[in-house]
Amino acid sequence: RQRQDVYKRQVYIEGNTVFVQFYIVMTDATITLTSSEGETESRTISFTESQTEAFYISQGMYHITITTPRGTNLYGTFFIE
């Protein structure tokens, strides 16, 4: 039987700030933002319920990856004008 992990989370952008918020307690999650120019910012953090982590970035195309301690990867691509 295949197991599926479900994480309630919110990722949103205001201006040049990317906010990541989990609605569960999670330890040692890694969030990585990589720009189209190859610049990378990576943080390993622990979330308490409804805690928000902010990334201050410049304009451009970005790829975000969130890796959980169980090995689950959440990812997406976005553009800031």
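In this text, all values refer to a predicted model and were calculated from it rather than measured experimentally.
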Asker: So do Leu74 and Val11 actually touch side chain to side chain, heavy atoms under 4.5 Å?
Answerer: no
Asker: Name the one of Thr30, Thr34, Leu33 that satisfies side chain to side chain contact (heavy atoms under 4.5 Å, CB included) with Ser42?
Answerer: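 Checked Thr30, Thr34, Leu33 against Ser42; only one passes side chain to side chain contact (heavy atoms under 4.5 Å, CB included): Thr30.
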Asker: Decide yes or no for Ile64 and Phe55: does some side-chain heavy atom of the first lie under 4.5 Å from some side-chain heavy atom of the second?
Answerer: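 No, too far: nothing below the 4.5 Å cut-off.
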Asker: Quick one: pull up CD in Gln59 and OG in Ser35 and give me the separation to the nearest 0.5 Å.
Answerer: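 Taking CD in Gln59 and OG in Ser35, the distance rounds to 13.0 Å.
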Asker: When rounded to the nearest 0.5 angstrom, what distance separates OG1 in Thr17 from CD1 in Ile80?
Answerer: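 One gets 8.0 Å once the value is rounded to the nearest 0.5 Å.
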Asker: Can you tell me how far CD1 of Ile31 sits from OG1 of Thr68, rounded to the nearest 0.5 angstrom?
Answerer: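 Thr68 atom OG1 to Ile31 atom CD1 measures 11.5 Å (nearest 0.5 Å).
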Asker: Report the distance from atom CZ of Arg70 to atom CG of Asn73, rounding to the nearest 0.5 Å.
Answerer: 14.0 Å
Asker: Mark yes or no for whether His63, through its side chain, and Gly76, through its backbone, hold a donor-acceptor pair below 3.5 Å.
Answerer: yes
Asker: In terms of heavy-atom contacts, does CZ of Phe79 have more than 12 from other residues, nucleotides or ligands at under 6.0 Å?
Answerer: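 Yes.
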Asker: Do Val20 and Met61 belong together in a cluster built from hydrophobic side chains that touch within less than 4.5 Å?
Answerer: no
Asker: Hey, could you give me the CZ/CD1 distance between Phe78 and Ile57, rounded to the nearest 0.5 Å?
Answerer: 4.0 Å
Asker: Side-chain donor-acceptor pair under 3.5 Å between Asp28 and Thr44, yes or no?
Answerer: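 No pair is found: no donor N or O on one side chain lies under 3.5 Å from an acceptor on the other.
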